[in-house]
Amino acid sequence: MAIPRTRPSAYPAILSNGFRPFFLLGSLQAGIAILLWLPLYYGKLETFSAFLPVDWHIHELLFGYLTAVVTGFLLTAIPNWTGRLPVQDFRLLVLVLLWIAGRAAVFFSAEMGWLLSAAIDCSFLLAVVAAAATEIIAGRNWRNLKVLLPVATLLAANVMFHVEAHYQGVSDTSRRLSLGAVVVLIMIIGGRIIPSFTRNWLVREKPGWLPAPFGRFDVGTIALSAVGLAGWTFFPEAVATGVLLVAAAGFNAVRLARWAGHRTLPDPLVLILHVAFAFVPLGLLLAGLAVFAPERIPAVSGIHALAVGAIACMTLAVMARATLGHTGRDLKASRGTCAVFVAIISAAVLRVAAAMMPAAAILLHISAALWVAAFAGYALLFGGMLLRPRLQTRRKGAS
């Protein structure tokens with residue numbers, strides 16, 4: 001007999017699976033954080049946070065929005081890996097409340113004290129790692145334990161972020177460590193789902209050249225990239241770091257080309273995954289070139305190619321696909337979903353352009369508006385699906 005997707009429960013549908021509360025809360029938080037960011041940036045608004053405005057902005061996107069989406073993805077994927085029932089109901093509610101408490105603690109950290117705020121905020125990722133490890137070990141799914149390494153690195157980076165911000169006045173190493181950990185996670189997870197979803201669609205709709213299977217080339221590329229990102233984290237101005245990052249960019253570009261993305265133009269849900277991953281080699285290249293020509297290629301350009309491009313585009317792509325699939329709907333992008341994808345890609349391109357041309361402030365403003373539109377659009381289009389129970393039947397053509 002097939003394992004049931006969830007246990008019978010008296011809890012609301014939104015607590016039946018990890019993607020439901022965390023995708024919805026994450027999208028709302030991402031939009032609100034950027035709405036607040038520009039007034040904070042221009043000194044028109046103040047928080048009660050002990051963080052400087054730029055640190056609050058960085059922290060709440062990396063350890064607020066991003067950790068919510070990563071958690072939603074992990075808690076939804078792990079049952080598929082292990083065959084176990086998902087974390088749901090009360091256990092899921094505890095994780096949600098910890099995430100919300102973390103957001104409040106960071107916002108009011110000047111009133112609460114930095115140490116208490118840090119303890120509350122960091123407890124969320126600690127609980128996520130513990131819950132995910134428990135499920136993976138109980139399911140004897142040993143090979144997927146490695147996925148928790150970047151998540152544990154995120155936890156360490158969050159602790160370091162609070163310590164740096166308190167003792168140095170501004171975060172530094174922890175920013176790059178957290179960003180690098182997520183980029184490696186995208187390389188690992190993206191290396192599984194992008195060729196897999198592409199292959200499934202091509203076999204069904206467009207027979208011919210298929211994506212290359214995961215192999216030694218992929219392992220080597222991820223390893224090289226991880227070393228380069230580690231160098232970038234701790235030695236961002238070293239020549240060796242620049243060489244490693246540029247080399248990693250080239251290998252990731254080749255890796256992406258091997259996945260036959262150009263053949264997926266008719267399906268936006270598959271195509272967006274390839275477009276999102278393309279920001280990985282772009283970000284690595286810009287970060288590497290910034291070592292050699294910082295006056296022409298600002299370091300912030302690579303950071304935003306990775307953050308707004310690779311991370312935001314990939315997470316929205318996965319959120320849209322997972323929401324449709326796990327709520328029992330067709331895996332087809334509506335016009336609204338396509339508009340969300342266009343908005344976030346445009347926001348990424350303009351944010352990188354704004355970093356390259358800091359005098360053109362209008363680019364920053366347009367990018368921020370498109371970011372908010374993308375995440376508000378996701379919440380409006382998919383919020384109802386996340387709040388309601390899964391459809392019991394799938395329409396013809398669903399996969």
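What you see is a predicted model, and the numbers here were worked out from it, not measured in a lab.
Put simply, the side chain of Thr323 gets close to the backbone of Met319: a donor and an acceptor are under 3.5 Å apart. Of the possible polar contacts, none joining the Ser301 side chain to the Leu286 backbone as a donor-acceptor pair under 3.5 Å is found. Checking side-chain atoms of Ser117 against main-chain N and O of Gly113 turns up no donor-acceptor pair under 3.5 Å. Using modelled atom types, one side-chain atom of Asp218 and one backbone atom of Gly215 make a donor-acceptor pair closer than 3.5 Å. Judged by distance alone, with hydrogens and angles left aside, the side-chain atoms of Arg388 form no donor-acceptor pair with the main-chain N or O of Ala13 at under 3.5 Å. For the pair Lys206 (side chain) and Trp201 (backbone), a donor-acceptor distance under 3.5 Å is absent. At least one donor-acceptor pair closer than 3.5 Å links the side chain of Arg175 to the backbone N or O of Ser171. Using a distance-only test at 3.5 Å, with no hydrogens or angles considered, no donor-acceptor pair links the side chain of Arg84 to the main chain of Pro79.
Here the shortest heavy-atom pairing between Met112 and Ala105 reads SD-CA, 3.7 Å. Of all heavy-atom pairs spanning Cys313 and Ile272, the tightest one is O-CG1, 4.5 Å. Taking both residues in full, the closest heavy atoms of Gly64 and Gln29 are given as C-OE1, 3.9 Å, listed atom of the first, atom of the second, then distance. Counting all heavy atoms, side chain and backbone alike, Leu229 lies closest to Met187 at CD1-CE, 4.4 Å. When every heavy atom of Tyr42 is checked against every heavy atom of Ala361, the shortest pair comes out as OH-CB, 4.4 Å. Of all the heavy atoms in Ile186 and Val280, the pair that sits closest is CG2-CG2, 4.2 Å.
Taking the six-membered ring where the residue is Trp, Trp114 and His166 present parallel rings, their angle staying beneath 30° rather than reaching 60°. Ring geometry, Phe48 versus Phe108: the interplanar angle falls under 30°, so the pair is classed parallel (tilted spans 30 to 60°).
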Under the ring pair (Phe, Tyr, Trp, His ring centres under 6.0 Å) criterion, do Phe63 and Phe124 qualify, and how do the steps go?
CA-CA 10 Å; Phe63 302 107; Phe124 170 68; over 10 Å; no

| message | One pair to check against side chain to side chain donor-acceptor pair (under 3.5 Å): His304 and Ser367. What are the steps and the verdict? | response | CA-CA 11 Å; His304 284 105; Ser367 175; over 6 Å; no

Q: Under the salt bridge (Lys or Arg N to Asp or Glu O under 4.0 Å) rule, what do Glu135 and Arg91 come out as? Steps first, then yes or no, please.
A: CA-CA 12 Å; Glu135 292 299 311; Arg91 291 174 67 195; 3.4 Å; yes

Mind running side chain to side chain contact (heavy atoms under 4.5 Å, CB included) on Leu93 and Leu97 for me, showing each step along the way? CA-CA 6 Å; Leu93 177 61; Leu97 292 177; 4.1 Å; yes

Item to complete: List the steps and the verdict of side chain to side chain contact (heavy atoms under 4.5 Å, CB included) for Ile137 and Trp142.
Response: CA-CA 7 Å; Ile137 292 170; Trp142 310 113; 3.9 Å; yes

TODO: Give the intermediate values and the outcome of side chain to side chain contact (heavy atoms under 4.5 Å, CB included) for residues Val254 and Phe251.
DONE: CA-CA 5 Å; Val254 173; Phe251 279 98; 5.7 Å; no

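Rounded to the nearest 0.5 angstrom, Leu98 CG and Thr67 OG1 are separated by 11.0 Å. Of the inter-residue distances, the one linking Leu154 atom CG with Ser178 atom OG reads 6.5 Å to the nearest 0.5 angstrom. The distance from the CG atom of Leu202 to the CH2 atom of Trp209 is 10.0 Å, given to the nearest 0.5 Å. Glu164 contributes atom CD, which lies 4.5 Å from atom OG1 of Thr173 (distance to the nearest 0.5 angstrom). For the atom pair NZ (Lys146) and CD1 (Ile222), the distance works out to 9.0 Å, reported to the nearest 0.5 Å. To the nearest 0.5 Å, the span separating CG on Leu289 from CZ on Arg296 amounts to 11.5 Å.
Donor-acceptor pairing under 3.5 Å is lacking for the side chains of Asn141 and Trp81. At a cut-off of 3.5 Å, with distance as the only test, a side-chain donor of Ser16 or Arg20 sits close to an acceptor on the other residue. No side-chain N or O of Thr221 forms a donor-acceptor pair with one of Asn252 less than 3.5 Å apart. Under the 3.5 Å distance criterion, with hydrogens and angles disregarded, a donor-acceptor pair is assigned to the side chains of Ser334 and Thr337. Side-chain contact check for His162 and Asp121: at least one donor-acceptor pair (N or O, by modelled atom type) lies under 3.5 Å. Side-chain contact, Tyr65 with Ser27: no donor N or O sits under 3.5 Å from an acceptor N or O.
For the pair Arg192 and Phe214, the cation-pi criterion (under 6.0 Å, within 45° of the ring axis) is not fulfilled. Remark: Arg103 qualifies as a cation-pi partner of Trp99 under the 6.0 Å distance and 45° angle criteria applied to the six-membered ring.
Ile193 and Leu210 end up in different hydrophobic clusters when Ile, Leu, Val, Met, Phe, Trp and Tyr side chains are linked at under 4.5 Å. Both Met357 and Leu370 are part of a single hydrophobic cluster, where members link through side-chain heavy atoms under 4.5 Å apart. Met160 is not connected to Leu125 by any chain of hydrophobic side-chain contacts under 4.5 Å among Ile, Leu, Val, Met, Phe, Trp and Tyr, and they are in different clusters. Side-chain heavy atoms closer than 4.5 Å link hydrophobic residues (I, L, V, M, F, W, Y) into clusters, and following such links, even through other members, never connects Val182 to Leu177. In terms of hydrophobic clustering, with Ile, Leu, Val, Met, Phe, Trp and Tyr side chains grouped at heavy-atom distances under 4.5 Å, Leu28 and Phe107 are assigned to a common cluster.
Leu269 has its side chain within reach of Phe341: a pair of non-hydrogen atoms, C-beta onward, lies under 4.5 Å apart. The shortest distance between side-chain heavy atoms of Arg258 and Pro211 does not fall below 4.5 Å. Ser225 is not listed as a side-chain neighbour of Val184, based on a closest heavy-atom distance of 4.5 Å or more. The shortest side-chain heavy-atom distance between Phe197 and Arg321 falls under the 4.5 Å cut-off. In this structure, Leu61 and Leu66 have side chains that are not in contact, with every pair of non-hydrogen atoms separated by 4.5 Å or more. The side-chain heavy atoms of His274 and Trp259, taken from C-beta on, include a pair separated by under 4.5 Å. You'll find the side chain of Ile58 reaches within 4.5 Å of the side chain of Phe161, heavy atoms only. Counting only heavy atoms from C-beta outward, the side chains of Gln88 and Asn17 never approach each other to under 4.5 Å.
Within 6.0 Å of CD on Glu205 lie more than 12 heavy atoms contributed by other residues, nucleotides or ligands.
For His57 and Tyr41, the gap between ring centers reaches or exceeds 6.0 Å. Annotation: Phe22 is not in aromatic contact with Phe73 [ring centroid separation under 6.0 Å not met]. Trp371 and Phe375 have their aromatic ring centers within a separation under 6.0 angstrom.
A salt bridge is defined here as a Lys NZ or Arg NE, NH1 or NH2 lying under 4.0 Å from an Asp or Glu carboxylate O, and Lys332 with Asp267 fails to meet this definition.
Of the candidates Val239, Leu245, Leu244, Val243, Thr241 forms a side-chain contact (heavy atoms from CB on, under 4.5 Å) with just one, namely Leu245. If you run side-chain contact (heavy atoms from CB on, under 4.5 Å) between Phe19 and each of Leu386, Leu75, Leu74, only Leu386 comes through.
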